[in-house]
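Reviewing the structure listed below.
Residue numbering restarts at 1 for every chain, and letters A, B, ... go by the order of the sequence lines.
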There are 2 protein chains.
Amino acid sequence: MLQAERHCDGAGLRLTPVRRRTLEILLESHVALGAYDVLERLRIDGLGSKPPIAYRALGFLVEHGFVHRIEKLNAFVACDHPGEVHDPAFMICTDCGLVGECQAPAARSGLSRRARESGFRIASTVVEATGLCAMCAEAKE
Amino acid sequence: MLQAERHCDGAGLRLTPVRRRTLEILLESHVALGAYDVLERLRIDGLGSKPPIAYRALGFLVEHGFVHRIEKLNAFVACDHPGEVHDPAFMICTDCGLVGECQAPAARSGLSRRARESGFRIASTVVEATGLCAMCAEAKE
DNA sequence: AGGCAGTCGTTATATCGTAACATCGCTGCA
DNA sequence: TGCAGCGATGTTACGATATAACGACTGCCT
Ligand SMILES: [Zn+2]
Ligand SMILES: [Zn+2]
Ligand SMILES: [Zn+2]
Ligand SMILES: [Zn+2]
């Protein structure tokens with residue numbers, strides 16, 4: 001949160017109440033939240049109740065790297081390393097919903113070679129693994 | 001198409017008219033099609049007009065590896081290598097919509113190391129790159 | 001003051017996806 | 001033959017996700 005504030009100050013970005021609270025909501029959650037989950041919490045706090053409110057705040061946070069969108073879940077998680085340039089990959093537990101972020105340069109470089117071969121120019125990548133987290137895997141034994 | 005037929009015969013799977021036509025529709029398309037795009041074509045052919053028809057056929061085809069779902073687009077493409085066990089990755093052109101499939105063992109192995117470190121057990125992966133295909137990149141020069 | 005850009009608030013609608021239940025046709029078996 | 005069981009299909013109805021479009025407000029610059 002502090003990192004986000006500093007980054008916004010430094011980059012001339014406006015971390016408005018809605019955006020700030022949206023980021024807090026995601027930081028407080030252990031699991032990915034859908035836009036409507038976020039919206040419901042914003043509504044409770046009196047910060048808006050219509051979809052565009054949530055989608056705009058999430059769009060801002062994603063655009064500036066404070067939040068990632070999980071395509072597989074149509075949901076959002078706070079970034080582990082906000083501010084840094086990175087190429088995230090995610091591990092999504094199908095049992096408990098936990099979403100872990102890690103860096104996946106290997107994934108991208110693997111793709112990169114294929115891309116170069118075919119002349120494709122990568123702008124961004126989505127890398128998401130689905131499975132069981134350590135805790136849930138152990139619980140299943 | 002022939003491969004799909006043979007694979008279904010061999011595995012005791014029923015490639016019914018709706019499923020068969022759905023696969024044909026995707027094979028004929030250069031770009032990923034949404035479920036409702038597929039449905040519209042099925043409707044024209046008199047094979048069904050309600051969403052579950054398309055979703056069920058697509059579900060069958062995805063489950064048996066004849067078709068892949070592109071999470072980033074909420075859309076579907078026919079597999080390049082049906083029948084074979086593989087770990088697909090996709091390159092999605094933002095200009096022309098072309099979706100290329102390639103194999104990405106590197107992507108998965110990069111993730112795998114991280115997964116092992118954290119005890120996460122991968123069941124499946126999504127690897128999708130967005131950018132410009134060779135043709136569109138050249139056209140932009 | 002007037003113009004401009006960015007944000008917010010709202011309405012309405014588009015797009016994507018599924019639960020639930022009825023029905024139909026086949027297969028195996030009494 | 002008659003019928004249970006099963007997978008596939010057809011249909012209704014709804015839920016979930018996402019965006020277009022427009023107006024109002026605010027701070028800032030000229
Ligand atoms: Zn991150
Ligand atoms: Zn778990
Ligand atoms: Zn494939
Ligand atoms: Zn292209």
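Evaluated for a side-chain contact (heavy atoms from CB on, under 4.5 Å) with A:T22, the options A:L61, A:V67, A:L27 yield exactly one hit, A:L61. Checking each of B:N74, B:V77, B:V126 against B:R69 for a side-chain contact (heavy atoms from CB on, under 4.5 Å) leaves exactly one that passes, namely B:N74.
With rounding to whole Å, B:H64 atom NE2 is found 12 Å from D:dG7 atom C1'. Straight-line distance from the CG atom of B:L15 to the C1' atom of D:dT9: 15 Å, rounded to whole Å. Residue A:L47 contributes atom CG, which lies 16 Å from atom P of C:dT7 at whole-angstrom precision. Between the P atom of C:dC8 and the CZ atom of A:R43 lies a distance of 19 Å, rounded to the nearest Å. Regarding B:K72, its NZ atom lies at a distance of 18 Å from the P atom of D:dT17, rounded to whole Å. Rounded to an integer number of Å, the gap from CZ of B:R19 to P of D:dG10 is 12 Å. Between the NZ atom of B:K50 and the P atom of D:dA13 there is a distance of 10 Å, given to the nearest Å. For the pair A:L58 CG and D:dA18 P, the interatomic distance rounds to 9 Å; values are reported in whole Å.
Residues A:L26 and A:L58 have side chains in contact (heavy-atom distance under 4.5 Å, counting atoms from C-beta outward).
Panel note: side chain B:E128, backbone B:E71; a donor-acceptor pair is recorded below 3.5 Å.
A sub-4.0 Å separation between OP1 or OP2 of C:dG9 and a side-chain N or O of A:S49 is absent.
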Handout entry: salt bridge (Lys or Arg N to Asp or Glu O under 4.0 Å) between B:R21 and B:E28, intermediate numbers included
Key = CA-CA 10 Å; B:R21 182 70 191 122; B:E28 288 163 5; 3.4 Å; yes

Exercise for the section: For B:R56 and B:E63, run salt bridge (Lys or Arg N to Asp or Glu O under 4.0 Å): C-alpha distance rounded to whole Å, both residues' side-chain angles, the deciding distance at 0.1 Å, then the answer. Expected result: CA-CA 10 Å; B:R56 286 197 284 235; B:E63 184 179 354; over 6 Å; no

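Note on residues 89-103 of chain B: pairs passing salt bridge (Lys or Arg N to Asp or Glu O under 4.0 Å), not counting sequence neighbours, are B:D95-B:K140.
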Exercise for the section: Using a 4.0 Å cut-off on protein heavy atoms (strictly under), produce a 5'-to-3' string for nucleotides 22-30 of chain D with B for base contact, S for backbone-only sugar-phosphate contact, and - for none. Expected result: ---------

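For B:E138, the CD atom counts as loosely surrounded, since its 6.0 Å shell holds 12 or fewer non-hydrogen atoms of other residues, nucleotides or ligands.
Under the 30°/60° scheme for interplanar angles, the aromatic rings of A:F60 and A:F66 are found to be tilted.
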What are the atom names and distances for every N/O pair under 3.5 Å that joins the protein to nucleotides 16-19 of chain C?
from: C:dG17; atom 1: OP1; to: B:R69; atom 2: NH1; distance (Å): 3.0
from: C:dG17; atom 1: OP1; to: B:R69; atom 2: NH2; distance (Å): 2.3
from: C:dG17; atom 1: OP2; to: B:Y55; atom 2: OH; distance (Å): 3.0
from: C:dG17; atom 1: O5'; to: B:Y55; atom 2: OH; distance (Å): 3.3
from: C:dG17; atom 1: N7; to: B:Y36; atom 2: OH; distance (Å): 2.7
from: C:dG17; atom 1: O6; to: B:Y36; atom 2: OH; distance (Å): 3.3

